[in-house]
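Reviewing the structure listed below.
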Amino acid sequence: MLVYPSGVDVSSSALRFLSAKLRRHRQELGTRWRRLSPGRQALLTLAHLRNGHPYAQLAAGFGVGTTTAYRYVAEAVELLAALAPTLAEAARTASTKAFVLLDGTLLPTDRISADRPFYSGKHKKHGMNVQVLADPSGRLLWASPALPGAVHDIRAAREHGVIAALAEAGITCWADKGYRGAGGTVRVPYWGRWKTLSTGQKAANRSHAKIRALVEQAVATLKSWRLLRKIRCSTTRITSLVQAVLTLHLASSDR
């Protein structure tokens, strides 16, 4: 396999953050020697998450075996995922904001057509449903565990306890029509055909759309990590990948 120099468009603060966590983790385990230093293991993980390169290509570039590359990435991902904020922590952060934005996104997978639980009728493809909370500026605050793509947004939000948590904290939330009937503090547009809505309702829906549109920035932030644009691993690992990406993003944003 040919090897060539390449780059990863990730903040250096993310590399330093992950390197420090891996170094501390090795000290706790009492690890004396490994093929890659904590910094190189961190770079390997970032390259996999950001660029979506398969393990065989990464192994060749870093001079390790494919199994070693997989083990190093899996270790780093689990370490990062454990540091991701919980919904309760995200709610405390959101309580300092004027309001939050809620939306669901589909992370495409390579599931076959027979896997009906993973098929999203809305997106016409297989994938996993992830709920996203963003602040009024569209910055990503929290991402939920992944559920099969057939799960509707409002059901996913309820299963994760998002609606109840926001209502308990008294946080106003703006969402699209997919969350109609959510209740609590969730605000959705008026329902009905455009021509049947009153002038006031149309104006309210336009205003609602302008506010809610910023949540797309949070979704784009999540999918800027190319591994999440087309996931080929087991669906049981997707939640850890999402949580790892969330941790890296928040760690970079705080610096």
Keeping [X] on the side-chain end and [Y] on the backbone end, is there a donor-acceptor pair under 3.5 Å?
X: Thr172; Y: Thr185; answer: no
X: Ser240; Y: Ala81; answer: no
X: Lys125; Y: Tyr119; answer: no
X: Ser137; Y: Arg139; answer: no
X: Gln217; Y: Leu214; answer: no
X: His208; Y: Arg187; answer: yes
X: Thr239; Y: Ala146; answer: yes
X: Thr96; Y: Thr93; answer: yes
X: Gln243; Y: Ala143; answer: yes
X: Lys223; Y: Ala220; answer: no

[X] side, atom [atom1]; [Y] side, atom [atom2] - distance, nearest 0.5 Å:
X: Leu248; Y: Trp225; atom1: CG; atom2: CH2; value: 4.5 Å
X: Ser252; Y: Leu18; atom1: OG; atom2: CG; value: 10.0 Å
X: Asp135; Y: Phe99; atom1: CG; atom2: CZ; value: 8.5 Å
X: Tyr190; Y: Leu197; atom1: OH; atom2: CG; value: 9.5 Å
X: Glu168; Y: Leu166; atom1: CD; atom2: CG; value: 10.0 Å
X: Glu216; Y: Thr221; atom1: CD; atom2: OG1; value: 11.0 Å

Do the charged groups of Arg24 and Glu28 touch, with an N to O distance under 4.0 Å?
no

Please report the shortest heavy-atom distance between [X] and [Y], naming the atom on each side.
X: Leu141; Y: Leu250; result: O-CD1, 4.1 Å
X: Pro148; Y: Asn129; result: O-CB, 3.9 Å
X: Gly104; Y: Asp153; result: CA-OD1, 3.7 Å
X: Pro189; Y: Asp176; result: CD-C, 3.9 Å
X: Ala157; Y: Leu102; result: CB-CD2, 4.4 Å
X: Thr45; Y: Ala76; result: OG1-CB, 3.2 Å

Considering residues, nucleotides and ligands other than Lys202, do more than 12 of their heavy atoms fall under 6.0 Å from its NZ?
yes

Can you confirm whether more than 12 heavy atoms, excluding those of Arg229, are under 6.0 Å from its CZ atom?
yes

Min side-chain heavy-atom separation [X]-[Y] under 4.5 Å:
X: Gln201; Y: Asn205; value: no
X: Val130; Y: Val219; value: no
X: Leu36; Y: Leu43; value: no
X: Leu80; Y: Phe17; value: yes
X: Arg212; Y: Asp103; value: yes
X: Glu159; Y: Arg155; value: yes
X: Cys233; Y: Leu241; value: yes
X: Val188; Y: Lys177; value: no

Mind telling me whether His160 and Trp142 have parallel, tilted or perpendicular rings, with 30° and 60° as the class edges?
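Trp142 vs His160 ring planes: perpendicular.
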
Would [X] end up clustered with [Y] when hydrophobic side chains under 4.5 Å apart are linked, directly or stepwise?
X: Val64; Y: Val77; answer: yes
X: Leu133; Y: Leu140; answer: no
X: Leu87; Y: Val215; answer: no
X: Leu106; Y: Met128; answer: no
X: Phe118; Y: Leu227; answer: yes

If we check side chain to side chain contact (heavy atoms under 4.5 Å, CB included) with Tyr72, which of these qualifies: Arg35, Arg40, His48?
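Looking at Arg35, Arg40, His48, the match for Tyr72 under the side chain to side chain contact (heavy atoms under 4.5 Å, CB included) is Arg35.
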
Are Arg50 and Ser224 close enough that a side-chain donor and a side-chain acceptor fall under 3.5 Å?
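Checked: Arg50/Ser224 side chains pair up, N/O donor to acceptor below 3.5 Å.
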
Assess whether side-chain contact (heavy atoms from CB on, under 4.5 Å) is satisfied between Arg26 and Gln41, documenting all intermediate values.
CA-CA 12 Å; Arg26 292 187 183 189; Gln41 182 181 358; 2.6 Å; yes

side-chain contact (heavy atoms from CB on, under 4.5 Å), that's the test. Do Leu246 and Val242 meet it? Break it down for me.
CA-CA 6 Å; Leu246 175 63; Val242 171; 5.5 Å; no

Intermediate values then yes/no, side-chain contact (heavy atoms from CB on, under 4.5 Å), Leu15 and Val10
CA-CA 8 Å; Leu15 178 63; Val10 178; over 6 Å; no

